[in-house]
Structure formats: structure tokens, C-alpha cells
Amino acid sequence: MDLIAQKADRKLRKCRSLMRIARKNLTDLKSPTMDNMPANSPYGNQVEARLIKQASAQQELKEIYQAITWLKKDEQELLFTKYFDFEEPSNTAVAGILHVDESQFYRLRNKALKEFAESYMAGSLFESM
């Protein structure tokens with residue numbers, strides 16, 4: 001796998017974590033209490049920080065999803081199966097799901113990763129090469 005495909009792979013491996021963060025239930029957040037006393041935490045409002053983290057995760061997932069939608073259908077299916085399935089299927093399992101042999105899977109994966117890198121945030125994965 002070349003450098004661009006590796007960068008795309010690293011970006012996509014974050015998807016499951018981003019999905020967990022983005023789906024955090026807002027009812028789990030507690031409102032800060034106002035008692036005119038200085039906050040204990042020097043890091044600011046923790047609820048606000050969690051909301052920002054959640055919104056950031058949602059935005060990143062949206063950008064990743066949009067980049068994937070520019071790919072061919074078989075490439076989309078490969079990336080969604082490989083990086084968005086919470087079961088974390090192996091490469092062999094993904095090849096089976098797609099009904100291709102492993103060598104075809106690796107060629108298709110590398111092509112899909114490179115094309116994803118081109119379409120993700122206007123090719124930002126190509127920066128600092």
C-alpha cells in the first residue's frame with residue numbers, strides 16, 4: 001500500500017470511533033449549575049466541550065461520507081463495509097461479502113483508498129507529502 005492509501009486508511013479507521021462520539025446521547029449531558037462560584041475545572045465548561053467534540057465528529061463523518069459518495073458503487077461498498085461496520089470484518093470477510101477473491105479485494109481497496117484521498121476535503125490527504 002502506498003503512502004496516500006495508508007493516509008486514507010488511517011483516516012477511515014477513525015470512523016467507528018467518530019460514530020460512537022457523534023451518536024452520544026445528548027440527554028447524558030448535564031447542565032452546569034450556576035451559583036456565582038468559580039468553576040472547579042480550569043478547562044472550562046465540560047458540557048460545552050463534549051458538545052463541540054460531538055459536533056466535530058459529526059462534521060468529520062459527513063465529510064468522509066461525502067467523499068465516499070463520489071466513488072464507484074463497488075468501491076463505496078468496500079469502504080463502508082470495511083470501515084463503518086461495527087463488527088470490524090477482516091479483509092477476507094469483506095472479500096467474501098463483495099464476492100471477490102483476496103487479490104481482487106486488495107486491488108479494489110487500494111484503488112478505493114486513493115480515490116477517497118482525492119475526494120476527501122479537496123485532496124487534503126495529499127498535503128505534507
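Remember, it's a predicted structure, so these values are computed and weren't measured experimentally.
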Q: Is a donor on one side and an acceptor on the other found under 3.5 Å between the side chain of Ser119 and the backbone of Phe116?
A: yes
Q: Going by the rule side chain to side chain donor-acceptor pair (under 3.5 Å), which residues pair with Arg13 if we only count those two or more places apart in sequence or in a different chain?
A: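 Expected list: Asp9.
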Q: What residues form a salt bridge (charged side-chain N to carboxylate O under 4.0 Å, His left out) with Lys111, not counting sequence neighbours?
A: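 Partners of Lys111 by the salt bridge (charged side-chain N to carboxylate O under 4.0 Å, His left out) criterion, ordered by chain and then number, come out as Glu75, Glu115.
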Q: With sequence neighbours left out, what residues match Gln59 under side chain to side chain donor-acceptor pair (under 3.5 Å)?
A: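 For Gln59, the residues satisfying side chain to side chain donor-acceptor pair (under 3.5 Å) (neighbours in sequence not counted) are Glu63.
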Q: Residues in side-chain contact (heavy atoms from CB on, under 4.5 Å) with Glu77, at least two apart?
A: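 side-chain contact (heavy atoms from CB on, under 4.5 Å) check on Glu77 returns Thr81, Leu98.
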Q: Compare every heavy atom of Tyr83 with every heavy atom of Cys15, then report the nearest pair and how far apart it is.
A: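 So the minimum-distance heavy-atom pair works out to CB-O, 3.6 Å.
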Q: Might you point out which heavy atoms bring Pro89 and Arg16 nearest each other, and give the distance in Å?
A: CD-NH2, 4.1 Å
Q: Among the clusters formed by ILVMFWY side chains lying less than 4.5 Å apart, do Ile52 and Met19 turn up in the same one?
A: no
Q: Closest heavy-atom contact between Ala117 and Ile4?
A: CB-CG2, 3.4 Å
Q: Of all residues at least two apart in sequence or in a different chain, which pass the side chain to side chain donor-acceptor pair (under 3.5 Å) check with Ser103?
A: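 Ser103: side chain to side chain donor-acceptor pair (under 3.5 Å) contacts with Asp101.
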Q: Please report the closest heavy-atom contact between Arg109 and Asn91, naming both atoms and the distance.
A: NH1-ND2, 3.8 Å
Q: I'd like to know whether Ser90 forms a side chain to side chain contact (heavy atoms under 4.5 Å, CB included) with Val94, so could you lay out the CA-CA distance, the side-chain angles of the two residues, the decisive distance to 0.1 Å, and finally the verdict.
A: CA-CA 6 Å; Ser90 67; Val94 175; over 6 Å; no
Q: Is it true that Leu113 and Trp70 fall in one hydrophobic cluster, defined by side-chain heavy atoms closer than 4.5 Å?
A: no
Q: If you measure from CZ on Arg23 to CG on Leu18, what distance do you get to the nearest 0.5 Å?
A: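 Output value for this atom pair is 11.5 Å.
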Q: Assess the residue pair Ile68 and Tyr120 against the criterion (side chain to side chain contact (heavy atoms under 4.5 Å, CB included)); give the C-alpha distance rounded to whole Å, side-chain angles, the decisive distance to 0.1 Å, and a yes or no.
A: CA-CA 8 Å; Ile68 291 173; Tyr120 176 73; over 6 Å; no
Q: Would a hydrophobic clustering, with Ile, Leu, Val, Met, Phe, Trp and Tyr connected at side-chain separations under 4.5 Å, put Ile97 with Phe86?
A: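 Different hydrophobic clusters.
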Q: If I take atom OG1 from residue Thr69 and atom CD from residue Gln76, how far apart are they, to the nearest 0.5 angstrom?
A: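 Answer rounded to 0.5 Å: 6.5 Å.
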Q: Could you grab the distance from atom CG of Leu51 to atom CD of Gln54, nearest 0.5 Å is fine?
A: 6.5 Å
Q: ring-ring contact (aromatic ring centres under 6.0 Å, His included) with Phe80: which residues, sequence neighbours excluded?
A: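 Expected list: Tyr65, Phe84.
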Q: When you check the gap from the basic side-chain N to the acidic O, do Lys11 and Glu60 get nearer than 4.0 Å?
A: yes
